[in-house]
Each structure stands twice: as C-alpha cells, then as structure tokens.
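These notes are about the structure you will find just below.
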Amino acid sequence: MASSTPPTLSTAKPYQNHHIHHPHPHRRTHNGHTSLHPPPPRNPTTTKPPNPIPTTVAAAPHHRNPNFTPLSSSKSELAADFSGRRSTRFVSKMHFGRPKAGGSVRHSVSAEEALQQLIRASGDDRLVENVLHSFQLKLCGSDDYNFLLRELGNRNEWSMAIQCFEFAVNRERRRTEQGKLASSVISVLGRLGKVELAKKVFETAVSEGYGNTVYAYSALISAYAKSGLCDDAIKLFETMKLSGLKPNLVTYNALIDACGKGGADFKRASDIFDDMLSNGFQPDRITYNSLLAVCSGGGLWETAMNLFNEMCYRGIEPDIYTYNTLLDAASSGGHMDSAFQIMAEMTAKNVMPNEVTYSTVIRGCAKSGRLDQALSLVSEMKYANIRLDRVSYNNLLAIYASLGRFDEALNVVKEMENTGFRKDVVTYNALLDGFGKQGRYDKVKELFNRMKNERVPPNLLTYSTLISVYLKGGLYQEATEMYKEFKHEGLKADVVFYSEIIDTLCKKGFVESSALLLDEMTKKGIQPNVVTYNSIINAFGQSGETSLSVDDKREIVRLGNGDKKVDNRNEDRIIKVFEQLASGHLNIGEKGSKEIICVLGVFRKMHELEIKPNVVTFSAILNACSRCSSFEEASLLLEELRLFDNQVYGVAHGLLMGHRENVWVHALSLFDEVKRMDSATASAFYNALTDMLWHFGQKRGAQMVVLEGKRRQVWENTWSDSCLDLHLMSSGAARAMVHAWLLNICSIVYEGHELPGLLSILTGWGKHSKVVGDCALKRAIEALLGSMGSPFRVATSNIGRFISPGPMVTAWMRDSNTPKLLVLEDDRAYPQTSKLQPIIL
DNA sequence: CTAGGGTTAG
C-alpha cells in the first residue's frame, strides 16, 4: 500500500469535509426568506462555563429580531456526524400510554355512565356492542364519543376504542363529525403505540372520504412520532402537502416532536422549523420544547442553550417541560454545573422542580461520577416533599447497584416496595447487571429465579445482560442456556443484543467468532451500527495477550465484505459459538503484528454501509495507530483516512507529521467543533489524539493539544498552582500535561514567587482501566516523575496521588538541568523549526 | 403537539 495510490473508493471526494474555513458556516438563506444572523458569537476561548440563563428576557413577543437566527443552522455538520449519540436506539425511550387529560367538560353524564359500563364489559365484544347500542340515543355527537375514546385509551383499552369508533362512525352522517372521530381514535392508538392500527384507521378514513383533514394527518404524524418513526412522519407530511392540505402549528409541532423521538439529526428538525417560519407560523412553547428535545437526544448542549435563550427572547415563558428538557440536555452531556444553575433559576422563577426534574439531574450526577451530589439531591427531594416515583426509585437503586453497593441498592428496593411499587423488569435488570459486573453469579442466579417466581417476565434486556455477564465471566455453559431460553421465549435479537456479544467476544480475543456473528446479524436483516464497528476497530487497538492475529483481522475484513461462501440458513451461530466456547475448542488469537490494512478495510466497509464514523471511531483508529509498528505505518493509515474525512484525519495526520504551523489553524477549528459535544466525548477525543502524538514522539504537538484542551475546559478542574488532576486523562495526555504544568510551576519559581506548601498530582485509578487497582496511568506518571528526578512521591494516604513539599519543588526547579527536561520537542518537524523554543503558557 | 428510567463502542 502506497500513499500515492489513488483511493479505491470512487465515491469519496477527497477533502469533502473541508468546510472549516468558512467564517460563517451557519449562515444561509432559505427560500428567499433571508435569514438572520447567527446568534452573537461566543468566544470559544472563554474559560467561564456557559451561562444558560438568558440575560435579557425583555422583549416584544412576536417581533422578529433581525439579529437573531433560529439557531437552526448554528451548527456545522461535523458535530452531527461526530457527536456520538447517547444511544443508537430510541424505542426504549417510548412511554406508551401516558394518560391524556381531558379538556373542558363537553361530554354528557350519559357518556360517563357508558364508560363505566364499557369498562365492565371489557373483553367481551358482544357485551360491548350491547352497551353501545343501549347508549346510542343518549350519547350526543362526537364530544361524547371522543370522551369515550380518550378514556378508553387512558385505560389501555385500544381494542374497545376501535370498536367504539367503528360503532360511532357508522352511525354518523356528517363528514366533519366522522373526521373528528377518526382523528380522535388515531391519536388514542398512537399514544398506545399501536401505530399500525392507527395507520389502518387513517387509510380507511381517507378512502371513505372523511379522513382527508389536517387533524387526521396531524394525529397520524403524532402516532408515528410516538413510535419513533420519524421518516414515516416526514413522508406523511409531504403527502399531506401534496394533497393540498395546509399544515397548522400542531402539525409542525408534531413533526418536530417526531424528529426528537426518532433520533433525527438536528438539521432535519431545524429545516422543519424554518419551513414553518417561512409559511408564516410563529413557534410557540411546544415548538421550542420539542426542538429542545431534539437537542437533548442528540447531545447538543450548546444548541439547546441557544434555543432556550431564543425562546425567552421571543417572550415565550419556559415551563416545567422546557426546564426539564433543558436539564436533560445539560445532564446527559455532563454539564452538571449548568444543570444546577438551571435548577436554581427555575425555582427562582417559580417553576418548581418535580420528580422528573430531580431524576434527570440525579442521573446526570451519577453518570459523571458525582455520587455525593446525586445522593444529596435525593435528600433534597424528600425534604421538598416530592415523592419518589417508580422511575426515581429505579434510577436510585441502579446507581447503587452499578457501584456494587448492594445493601444500599436492596434497601432502596425495600423502600420502593413499601411505598407501593412492585419490582419491575427495570428493577431486576439493574440488580442483575450490578451483581453480574461484580462476578456475584450466585446472586445473579438467585435474582433471576426470583424474578420468574414473581412473574416479572424477563425481556430482551434481561437476557442480553445475563448473556454478556456470563460470557465475560467465562461461564459459557450458562451463557448458552440463557441464549436458548431467550430463543425459546420467542424474543427477537436486535443490533444492541448482537453488538454486546460481539464486543465481549472481541475483548476476550475470540475475534473470528465475533466476525461470524457480524455476518450472521447482517444476514438476519439486523444492520450493524457504528457501535458494532467501533467494537471491532477497538480490537485492533488493544494490547496484551488478546490482541488479534493477522488471520483474525483478515477474517473480519473478509466477512465484513460479505464474501462468505458458506450458506447455513438455519444454523444459529450464536449457539454454535457458545457451545464451542463451552467446550474450550476455540482459539484465542495469538499476539501478532498489526496489519493496518485491516483497519482500513473495516473503515471502508463502514463507509460502504453508510455508517458514519464518530469520535469513538476516531479514538479507536488513533489507538490502532498508536499500536502501528512504525511511524510510517501510522502516518500512512491517517493519510488514507484523509480521503474519507480530511478535517478530522487531516489534523491528526498533520500533527503527527509535525506540520504544525500549517495545521494548527485547522486543528483549532476542529477543537471548536469538539467543544460542542458532551464532556466525555470531548475528552475522549483529546485523549486519543494526544496519546498517539506522544507515542510517536511528537511531544510538543501533544502538549499543544493538551493545553488547548485545558483552555477549553475539556477536563474539569485540571490544574491550579498547588494541584494537577489527571484522573480523566489518558496516559499520553497526562504526561504532556505534567510537563506543561511543571513548566508553569517553573516560571512561578523563576519569577521569584513562592510555591504553595504542598504540591500534588492526582492520577486517580486511571480512567482507561476498568480493572480496579490496575493503575496504568499512575504507573506512567510515576515513571515520568522518576525519570526527571522530581521530588514527587506517592502519598501514603492515597496511592493515586503524588505529593511534594513546595520548597523541594523550588529547589528542584533551580537545578539548571530541570527546565531543559521540562521543555518538550517533536521528534519530527517539517519544516524544521528552531528547537528548544519554550512553550508560551 | 411538549419533560425523566434500564443494554452495546470510549
């Protein structure tokens, strides 16, 4: 493979993503409606956390401010490709059957009586028919029937609702009344997740001539939304326009809602928003709330904030939904400081936090490791007399279980049961996962049995959890049993189910088997996604005895390309693989050389399948680069990857080559994009990039990257004059950072200032080690500090901390050799720049 | 027409 070889990928336009020069990439016009300037530019170098609270809420409500763009395009495409959604699956977020409150009392007393009798007749179609007949004359018009439909829906009586609808519509002559009934039942079915039935009703209604209304269309769009079927919703919307119907505000809102629930890119939602504006509709609170939900689903915290400010600017008062959605965007992105600010703000504005608010923020705290804050929020919640509901309890016990704090988890379960909530499948899954991760297989088996005894049926997630727990623990017999039971129950595997198994097999070194499963899932019509591929790419970047042999890698690429000869239609490869594992007949890939062409093959395959790589892919690739046998191989790999995405790989390649002066401006734009992402995503990016640079001796480049990350607050609270916190950093990033920090200390000393009494460097346990006590980061830092002859020593009280008295550091700094040791250089620089030029901090 | 929960990559 030579770098001069043209890419075999004809469709890939080299440098196609080269949009980083545009001074205003966001600006555009839309259908002649000249829009607006981007929101006031934020200074990317600001060190202050962004203030989510609008500074000016003054303003004329419906007055268009020409300086304010609907955020719509305030986002370039990189982040969309690269942000890495929290989940690649959305259906799990569906909460069907949320009751709909009735509006004004327009129905008659008879309707209430009819409802009672219907409920009693539930399950018996003839009885239901009789009740309907007996009330036929007493019920007046669509108001009464709509009441019935809605209430039946609230009781999950969808079948009766359909029966009731058919009864009513057959006895109604007026088209408009028939249309109202249809919209009503479509909406009811949609809320219950019966989208196919809703569609059937809609189609019948259209063909019978009473369904061609904006209400029926909106109701079905909303039904699609609730099932996450964003594409169908948009298609229906187009059909509606073609048939000459004009959408109204509710239609637009439902459509934007569909984008959020269906996990669409923000771009799609903002296009709809623009379309809505250009058709003369003013967005209302629900429009903004729905748009905010799109942001929170897509991890777009800054966009969410801009939207929030924009809606305030337009004079739309945020309500509890607005705040809770905004909090979700902040919390899920790890911006907990902002989340607390928002909570304080909403209280001050008298929008009181409720159980949704709390469970959102508590979850965010737990996710970002702020356990204390999570628990104190629970107390605060109880103190404020907000009762924990099912979600809050499950949330809380999952936090304990995931930390292995089982007594506390089980106490929460008790409290939950005392409050009147039975354990549900979510409760059990959390407990199983927690015990499983700690290797408490006895408890896992016991819990699983209890679950069945209590008639809580295990679901896909239960089995998926159990199978991977057993696989990870090497209990292959049990894993096989679970899989057989799973199939016996008639449950359907999905992409997550396969991905988890594939990942586990890769991590254990059974790469050939995971390639078999990759092939099988595709044959079953389950498309692998970016997560599936990232697991595989990660296997290339992993070190140690489980790394792949060349044959393994070839196997992956071959299977990935779909040229599998064997056709075994009815064979279940999962069982085959598990049984082989159980009998010990599978080989672990031997430690072998790194064949970079294989990584490239997998990457190409992703491209062919139109699976967008994200920042985790990038990290995985960079880790693979770091394991290349030579600098040349790594640079070749990046060179090739530039053909897919020059912005990302061009920067990585340029920095690796030492083309710093030319590349840095591009790097800064890339960092700007990364800054839009949630903190975990952003830090992973910086960690991977720095690691690779450090690995190949481009240490000054690594240091520049790390300082840029620090400036942008990628790692929270990284340093002060007395303490350097490295616990969120990879080992390359951490080492580059140690140099930078010590240089800063050095300049303090040489400026004649006194150092603090005690200086410390925190490594924690090392973020990248899932093994407690592994301390890879700590060891790397220990070696570095030792090699420089520094006075830092491991603290006796905390082995993840290095300390030194200030005066000893001062003395060390005054040693004429020390400053030289601290300055980093690149091994390669093109063009050769003057060496030993100290970094300006 | 609008808010929070459990699974996969790092």
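In what follows, chains are A, B, ... by sequence order, proteins preceding strands, each numbered from 1. The basis for the numbers below is simple: all heavy atoms, side chains too, and nothing from hydrogens, waters or symmetry mates.
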Would you mind telling me which of [options] lies closest to the side-chain atoms of [X]?
X	options	value
Ser392(A)	dC1(B), dT8(B), dG4(B)	dG4(B)
Val531(A)	dG4(B), dG6(B), dA9(B)	dA9(B)
Val530(A)	dT2(B), dA9(B), dG4(B)	dA9(B)
Asp257(A)	dC1(B), dG6(B), dT8(B)	dC1(B)
Val426(A)	dG6(B), dC1(B), dA9(B)	dG6(B)
Glu355(A)	dA3(B), dT8(B), dG4(B)	dG4(B)
Ile320(A)	dG4(B), dA3(B), dG10(B)	dA3(B)
Ile286(A)	dT2(B), dT8(B), dG10(B)	dT2(B)

Report yes or no: is there a donor-acceptor pair, N or O only, under 3.5 Å between the side chain of [X] and the base of [N]?
X	N	answer
Asn354(A)	dA3(B)	yes
Thr427(A)	dG6(B)	no
Asp389(A)	dG4(B)	yes
Thr360(A)	dG4(B)	no
Asp319(A)	dA3(B)	no
Ser499(A)	dT8(B)	yes

Could you state the [atom1]-[atom2] distance from [X] to [N], rounded to the nearest angstrom?
X	N	atom1	atom2	result
Tyr686(A)	dG10(B)	OH	P	21 Å
Arg191(A)	dT2(B)	CZ	C1'	13 Å
Leu307(A)	dT2(B)	CG	C1'	14 Å
Ile316(A)	dT2(B)	CD1	C1'	13 Å
Asp424(A)	dG6(B)	CG	C1'	9 Å
Ile342(A)	dA3(B)	CD1	P	17 Å
Leu403(A)	dG6(B)	CG	P	16 Å
Asn253(A)	dC1(B)	CG	C1'	5 Å

- request: Using a strict 4.0 Å threshold on nitrogen-to-oxygen distance, state whether Glu417(A) and Lys423(A) make a salt bridge.
  value: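 Salt bridge between Glu417(A) and Lys423(A), a charged N being under 4.0 Å from a carboxylate O: yes.
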
query: When you check the gap from the basic side-chain N to the acidic O, do Glu415(A) and Lys382(A) get nearer than 4.0 Å?
result: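 Judged by the 4.0 Å cut-off on N to carboxylate O distance, Glu415(A) and Lys382(A) do form a salt bridge.
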
task: Tell me, please, which residues at least two apart from Tyr215(A) pass ring-ring contact (aromatic ring centres under 6.0 Å, His included).
output: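 Expected list: none.
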
- prompt: Among all residues two or more places apart in sequence or in another chain, which pass the ring-ring contact (aromatic ring centres under 6.0 Å, His included) test with Tyr470(A)?
  reply: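 In terms of ring-ring contact (aromatic ring centres under 6.0 Å, His included), with neighbours along the sequence ignored, Tyr470(A) is linked to no residue.
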
Could you check whether [X] gets within reach of a base, just the sugar-phosphate, or nothing at all, counting any heavy atom under 4.0 Å?
X	value
Asn459(A)	base
Val425(A)	base
Thr465(A)	nothing
Asp503(A)	sugar-phosphate
Asp691(A)	nothing
Ser331(A)	nothing
Arg363(A)	sugar-phosphate
Ser619(A)	nothing

- prompt: If only atom types and distance count, is the side chain of Thr213(A) paired as donor or acceptor with the main-chain N or O of Ala216(A) below 3.5 Å?
  reply: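 A pair under 3.5 Å: yes.
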
query: Judged by atom type as modelled, is there a donor-acceptor pair below 3.5 Å linking the side chain of Lys261(A) to the main-chain atoms of Cys230(A)?
result: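 Flag not set: sc Lys261(A) to bb Cys230(A) has no pair under 3.5 Å.
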
Establish, with yes or no, whether the OP1 or OP2 oxygen of [N] is under 4.0 angstrom from a side-chain nitrogen or oxygen of [X].
X	N	answer
Lys367(A)	dG6(B)	no
Lys226(A)	dT2(B)	yes
Lys507(A)	dG10(B)	yes

- prompt: Just checking, any donor-acceptor pair under 3.5 angstrom between side chains of Asn538(A) and Ser535(A)?
  reply: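 Their side chains do not contain a donor-acceptor pair, so the 3.5 Å distance test is not met.
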
